[in-house]
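Both backbone and side-chain heavy atoms feed into the values below; hydrogens, waters and symmetry mates do not. For reference, positions follow the sequence shown, starting with 1.
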Amino acid sequence: MKVVIVGGVAGGATAAARLRRLDEKAEIVILERSGYVSYANCGLPYYIGGEITDPAALTLQTPESFRRRFNIDVRVRHEVLSIQPEEKTVQVRDLEDGRTYQESYDKLLLSPGAKPIRPNIPGVDGQRVFTLRTVEDTFRIHDFIAREHPKTAVISGGGFIGLEMAENLMGQGIRVTMFQRSEQVMKPFDRDMAGQLHAKLRAAGVDLQLEATPSALRPCGDQVAVEVPGRETLTVDMVILAVGVQPDGSLAAAAGLQVNRRGAIVVNERMETSHPDIYAVGDAVEIANFVTGARTSVALAGPANKQGRIAADNMAGGDSRYTGAQGSSVIKLFDLTAAVTGLNESAARAAGLSYDKAVITVSSHATYYPGAKSMVMKVLFETPTGRILGGQIIGYDGVDKRIDVLAAAIRARMTAHDLTELDLSYAPPYSSAKDPVNVIGYVIENVLTGKVRQFHWSDVAKLQAEGAFILDVRTRGEWDRGHIQGAVHIPVDELRGRMQELPADRPLYVHCQSGLRSYLACRMLTGAGFECYNLSGGYGFYAMVMQDQNLRPEGTGPCGLQ
């Protein structure tokens, strides 16, 4: 059997290595357009920022190492121009000498990845305008910084690459302005959670401008003039375009394979395309969302690796199936960690699911052990079943651990009750006896069983307008530092002796700083016959969201960052 693989990196390289382990006699050829067949794509920003100093560390396998260990014929700088499915051949151009030739196959695997979106605006191809997708892109940016010593930069786009580049450019002493077309960065997160990322970026010195995007990038001497509608023109030394990626399914479409409206290659659970003996994996394919079953694309290394393994199994005569992705991901943003898995609210609404959410603020480990820091957890759950649909966590230590537990819970279709029963490791430096994952399970279980009724930060303005009775049960010091306008203040420890001050004929909307003391207050009040609702996430979460949504930074001057 002869297998030709178009594209390396995560999906193609994984498939090649797996196939060799399954079939020692197969002839395997990898055709890679770039100069690198297997590299640490996710590590590229950190080489630019100096965290990774050895460029060789980015290369996981070379053509030589592939041949030595796996007996695989790897041809870098070879671009596949077309596929002839009926003849089972591909036309290839050697980018070094320009010659073209035909390569035959018995099985063909497409792993072309995704390509950066380049907006259709003037100046997008300027010499000081960069995208970051390949090792060559990385070296180009790295060399530019070393040669030109830029002092200012614009980043257009607030996804993973945009945020990671902001951190790494700032680490090189480059002042960064970030433009994001929508009202938030990091679209996998809900807007209320993304506010914490906005605050971190601004606290670190990034000039974050939301609901703004460049309309032109014009040469301005040795700089670039960045024109943004409604803002003053900004002149900087370099521009990074990080507005997203799109599946690179052009080769498949030209060959008559089925692609979707975004150009992603349509595959089944076996990673087979619409044509026999042609498989596809990675960022270029349309797959299922594991939670909803909806068709989607996920440009992440983890799913690509799994798909490559599954495709190799099936090319070798097996019957492996890919059941879908959850989009589990994590990002380091300066000293902050943000992670997400499963559905956010917009995805849950789009899927037509009946859901609710719980928000808690908890410590990363036992508070009596030094170094404990807060993390905010938001978990979506199906009603009335309690099935976990998605999770978002932002904090410091231990965020990655908890998001992975939630990711496993979603994969196992666990409920909130199951979260309460998880037997998780505990020692004071690492967790608390009731781990945050257990705690969020308890909170959701209380909501589902009616032990507490919730209201959310988004309900507060309407409640204020209606003259609802809002009760703040925090301490006097907390109240003095800020409170919801119109709220009544009675500390929780005084509540039993002051219930006569509360209206018995109206619902009480109660909050504390994080939601725990107000839960206790609601249990007291419910036991005394009051109708009580607890603010999910507490005043701390409410105040953070309000501060973020009211922040509208002014534009900067026309020539240089101010």
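More than 12 heavy atoms of other residues, nucleotides or ligands lie within 6.0 Å of CZ in Arg75, so this atom counts as buried by the packing criterion.
Looking at Thr323 and Arg411, their side chains do bring a donor and an acceptor atom within 3.5 Å of each other. Side-chain atoms of Tyr355 and Glu345 include a donor-acceptor pair closer than 3.5 Å. Donor-acceptor pairing under 3.5 Å is recorded for the side chains of Glu86 and His275. Side-chain N/O atoms of Thr235 and Gln223 include no donor and acceptor closer than 3.5 Å. Checked by atom type, the side-chain pair Gln392/Asp190 shows a donor-acceptor distance below 3.5 Å. Using modelled atom types and a 3.5 Å distance limit, the side chains of Thr89 and Gln84 yield a donor-acceptor pair.
The salt bridge (Lys or Arg N to Asp or Glu O under 4.0 Å) search around Arg18 returns Asp313, not counting sequence neighbours. Partners of Arg181 according to the salt bridge (Lys or Arg N to Asp or Glu O under 4.0 Å) rule, which considers only residues two or more places apart in sequence or in another chain, do not exist here. Scanning for salt bridge (Lys or Arg N to Asp or Glu O under 4.0 Å) contacts around Lys107 gives Asp277, with sequence neighbours left out.
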Where do Arg175 and Asp207 land on the salt bridge (charged side-chain N to carboxylate O under 4.0 Å, His left out) test, with the steps shown first?
-> CA-CA 8 Å; Arg175 298 174 65 187; Asp207 180 10; over 6 Å; no
Is there a salt bridge (charged side-chain N to carboxylate O under 4.0 Å, His left out) between Glu136 and Arg140 once you walk through the steps?
-> CA-CA 6 Å; Glu136 287 90 346; Arg140 194 174 301 117; over 6 Å; no
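Residues Ile444 and Ile388 form a side-chain contact, since some pair of their non-hydrogen atoms from C-beta on lies under 4.5 Å apart. The shortest side-chain heavy-atom distance between Pro119 and Leu241 falls under the 4.5 Å cut-off. Between Val4 and Val80 the shortest side-chain heavy-atom distance does not fall below 4.5 Å.
Remark: Arg309 is not positioned above the aromatic ring of Tyr322, lacking an NZ or CZ atom under 6.0 angstrom from the ring centre and at most 45 degrees off the axis.
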